[in-house]
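The first residue of the sequence shown is numbered 1, and numbering continues consecutively from there.
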Amino acid sequence: MRSPLLNKLSLICGRRLPVSWLVLCFTSVLVLIAVFGSSFPKSFDYVTVTPVPEIYSNYRRLKEQTAVDYFELRTVSSGAGRQGELGLCGKERENYVPCYNVTANVLLGFKDGEEFDRHCEVSSQGKFCLVRPPKDYKIPLRWPAGRDVIWTGNVKITKDQFLSSGSITKRMMLLEENQIAFHSQDGLIFDGVKDYSRQIAEMMGLGSDSEFFQAGVRTVLDIGCGFGSFGAHLVSLKLTALCVAAYEATGSQVQIALERGLPAMIGNFISRQLPYPSLSFDMVHCAQCGIVWDKKEGMFLIEFDRLLKPGGYFVITSPISKPPGRATSSKKRSMLTPLAQFTEKICWSLIAQQDETFIWQKTADAHCYSSLKKNEVPLCKQGYDTPYYQTMMPCIIGASSKRWIPIQNKSSSPDLSSVELEVHGNPEDFFEDLQVWKLALKNYWSLLTPLIFSDHPKRPGDEDPLPPFNMARNVMDMNAHYGGLNAAFLEEMKSVWVMNVVPVRARNTLPLILDRGFPGVFHDWCEPFPTYPRTYDLLHANGLLSHLTSERCSLVELFVEMDRILRPEGWVVLSDKLGAIELARAHATQVRWDARVIDVQNGNDQRLLVCQKPFVKK
């Protein structure tokens, strides 16, 4: 009986094939396999499963080329073809931030300050291009040196803006030929940032600012942070201080804070909520932040109340010039009056006042809200908390949340207690996630070296020296889940901070991340991220690409945006399924990154894509 293969060959050839011919073909195939197999024995040895201590298989160049060739064949067969490299944007886009086009906003009718707000629906990308670095751009100094000295060519600030700066932190800078130097935390500090921090602690009834942590203050939202020196001091106290300031075309507080390696992002207090869940911060700090308190019927204070945890502190400092006579005291009263009147309506109490600094404390007594007059500031409906740039609501959240835990009742340990973890779900999932990321980080760190793109790339566990602990400073986890990568970085004592991003349509784990004391934010990756170009050293995403394939997002736009916020010579680590990694590598080529696919040895189709952005000098 003839085999199906012979039948098919007969149909193709049109006549019966001689048996001798078939034997000859079969023999030739065996010879070819033997020849090429002996010539390239290492090209296919990844098929053999050998126990290794690392989670990644050997990825020498020939093995990697097999995956690359497979990817390119799949791409061509799907009809996508190979995309050409994107061009560079013009000089006018060197500091481009999407979603903040004031001119376009005005033409569309936005007014009363909303023209300065974030409007991604107005932004039009047009032809895709890559934001180039300025002519004088230099790679930032490594932490902690980069905290105190930055290159002037890396930020957009004019000499006049520098000389006219008047806030506490802005006056701390020294302008040199091509650098801006900030006073070291260990040396003389103009305007007394250390003294100012100690003053706040004493007003709270503490002995010194070193007791902030024990008093329950671990996360601070710094509104209008100047250029970050107060935040830098809080970081030295092992606290998390997140700077939020409005978009500025030049002299940006956020851009300079990030350049110094401090957590920061663009955020406006105009008409929308900030993209954080309720009960997120232990302290809100506002030093000459420019907010007009008697506008919008107390909406700004209501937003701060939403963000503050029970027992949290609101600190405001408003330096006022001292003209002769009684002008100073009248200005104090005019600034204080709307605050004092409204804070009583939302269960805040003024606990201290000294010089130009005032401290209010949010109530830790849930019963306080039942005594409020409903016709003044009503309680929000239960379940109300969708803070992704939603319109500010004239209601307070009250004490119905399971996360209503006064900061003074929190565990003194840096880790969450079992009771606190149970509020967020299954503690076992949390601990399992942490162990996974502790192992993954060790492998990631060994990959962050240009040797990975050489003819003899470094393998995890080789004798080659690992990158230094301070190789990266500003890290973004684009799909943070529980914040396990952040926790692993801390345990490994890497000198990084992580912006933990939770996609808006993913499982909402941001409250857990913030309760752990990590910086975090909601974000829709179909839109640009609210930051300036060249502000992150490392971008990481686990499973994000697969998540976005079911969304309306364009992966081309995502990679162009990632390139915008990534520093030259910065790194990207993407972990996902093979199909998603195939597409990602094509887009990495479009944005001119060096890219390499790493096979994960766990018996499934998970892959890593490790990329490095080149320093394009044009």
- Between CD1 on residue Ile150 and CG on residue Leu141, distance to nearest 0.5 Å: 10.0 Å
- From the list Phe522, Phe281, Tyr389, ring pair (Phe, Tyr, Trp, His ring centres under 6.0 Å) with Tyr276 holds only for Phe281
- Of all the heavy-atom pairs spanning Leu574 and Ala584, show the shortest one and how long it is. CD1-CB, 4.1 Å
- Could you label the plane-to-plane angle of the Phe615 and Tyr137 rings as parallel, tilted or perpendicular, counting under 30° as parallel and over 60° as perpendicular? perpendicular
- Message: Could you check whether any side-chain N or O of Thr535 sits under 3.5 Å from a backbone N or O of Tyr532, counting only pairs where one atom can act as donor and the other as acceptor?
- Response: yes
- Task: Might you work through the side chain to side chain contact (heavy atoms under 4.5 Å, CB included) test for Gln435 and Glu432, ending with a clear yes or no?
- Result: CA-CA 5 Å; Gln435 297 306 314; Glu432 182 180 348; 5.9 Å; no
- Working to the nearest 0.5 Å, report the span between CZ of Phe227 and CG of Leu262. 12.5 Å
- Query: Would you say the side chain of Gln179 lies within less than 4.5 Å of the side chain of Trp151, judging by non-hydrogen atoms?
  - Reply: yes
- Query: Does Lys613 reach the main-chain N or O of Leu566 with its side chain, forming a donor-acceptor pair under 3.5 Å?
  - Reply: yes
- Task: Would you check if the distance from the ring center of Trp437 to the ring center of Tyr482 is below 6.0 Å?
- Result: no
- Query: With a 4.0 Å cut-off, would you call Asp537 and Arg473 a salt bridge?
  - Reply: no
- Query: Hey, does the side chain of His481 reach the backbone of Leu485 with a donor-acceptor pair shorter than 3.5 angstrom?
  - Reply: no
- Walk me through it: do Phe213 and Leu237 pass the test side chain to side chain contact (heavy atoms under 4.5 Å, CB included)? CA-CA 8 Å; Phe213 194 93; Leu237 299 175; over 6 Å; no
- Item | NZ/NE/NH1/NH2 to OD/OE distance under 4.0 Å, Arg607 and Asp576 | no
- Query: What is the distance from atom CD of Glu259 to atom CG of Asn474, rounded to the nearest 0.5 Å?
  - Reply: 8.5 Å
- Query: Can you find a pair of side-chain heavy atoms, one from Arg505 and one from Cys526, that are under 4.5 Å apart?
  - Reply: yes
- Query: Once the angle between the rings of Phe529 and Trp525 is folded into 0 to 90°, is it parallel (under 30°), tilted (30 to 60°) or perpendicular (over 60°)?
  - Reply: parallel
- Over all heavy atoms of both residues, which pair between Pro519 and Leu514 is shortest? Give the atoms and the distance, please. C-CD2, 4.4 Å
- Task: Check the side chains of Arg260 and Ser229 for a donor-acceptor pair under 3.5 angstrom, ignoring hydrogens and angles.
- Result: yes
- Task: Rounded to the nearest 0.5 Å, what's the gap from CD1 on Ile256 to CD1 on Ile180? Could you check?
- Result: 5.0 Å
- Query: Would you call Val501 and Met476 a side-chain contact if the rule is heavy atoms closer than 4.5 Å?
  - Reply: yes
- Task: Step through the shown structure and confirm whether more than 12 heavy atoms of other residues, nucleotides or ligands are within 6.0 Å of CD on Glu492.
- Result: yes
- Query: Can any side-chain N or O of Gln590 pair as donor or acceptor with the backbone N or O of Leu86 at less than 3.5 Å?
  - Reply: no
- Query: Counting only N and O atoms by type, is there a donor-acceptor contact under 3.5 Å from the side chain of Asn479 to the main-chain atoms of Ala541?
  - Reply: no
- Item | Polar side-chain atom of Tyr388 near backbone of Val504 as donor-acceptor pair, under 3.5 Å | no
- Message: Is any side-chain heavy atom of Trp497 closer than 4.5 Å to one of Val235?
- Response: no
- Please round to the nearest 0.5 Å and tell me the distance separating atom NE2 of His424 and atom CG of Leu416. 6.0 Å
- Message: To the nearest 0.5 Å, what is the distance between CE on Met499 and CG on Leu258?
- Response: 7.5 Å
- Salt bridge present between Asp515 and Lys309 (N-O < 4.0 angstrom): yes
- Query: Taking all non-hydrogen atoms of both residues, which atom of Trp445 and which atom of Ala472 are closest, and how far apart?
  - Reply: CH2-N, 4.3 Å
- Apply the test side chain to side chain contact (heavy atoms under 4.5 Å, CB included) to residues Leu274 and Leu307: give CA-CA distance (whole Å), side-chain angles for both, the deciding distance (0.1 Å), then the verdict. CA-CA 9 Å; Leu274 291 177; Leu307 295 173; 4.1 Å; yes
- Item | Side chains of Gln255 and Asn95 in contact at under 4.5 Å (non-hydrogen atoms) | yes
- Query: Can you name the closest pair of heavy atoms from Leu539 and Met478 and give their distance?
  - Reply: CB-SD, 4.2 Å
- Message: Could you tell me if Asp563 and Trp593 have a donor-acceptor pair between their side chains, going purely by distance under 3.5 Å?
- Response: yes
- Note on the structure: Correct closest heavy-atom pair for Gly517 and Thr219 would be CA-CG2, 3.6 Å
- Message: Quick check: do Thr240 and Leu234 have side-chain heavy atoms less than 4.5 Å from each other?
- Response: no
- Query: Between Arg403 (side chain) and Leu279 (backbone), is there a donor-acceptor pair under 3.5 Å?
  - Reply: yes
- Query: Between the main-chain N or O of Thr531 and the side-chain N or O of Arg564, is there a donor-acceptor pair closer than 3.5 Å?
  - Reply: yes
- Message: Any non-hydrogen side-chain atom of Val597 less than 4.5 Å from a side-chain atom of Leu578?
- Response: no
- Message: Taking the side chain as everything from C-beta on, heavy atoms only, tell me whether Leu538 gets closer than 4.5 Å to Val573.
- Response: yes
- Task: Show the numbers, then the answer: is there a side chain to side chain contact (heavy atoms under 4.5 Å, CB included) between Arg132 and Leu130?
- Result: CA-CA 6 Å; Arg132 69 174 77 188; Leu130 306 179; over 6 Å; no
- Query: Judged by atom type as modelled, is there a donor-acceptor pair below 3.5 Å linking the side chain of Asn470 to the main-chain atoms of Trp143?
  - Reply: yes
- Measure centre to centre between the rings of His540 and Tyr444, then say whether the value is under 6.0 Å. yes
- Note on the structure: Between Arg306 and Pro277, the two heavy atoms sitting closest are NH1-C, 3.5 Å
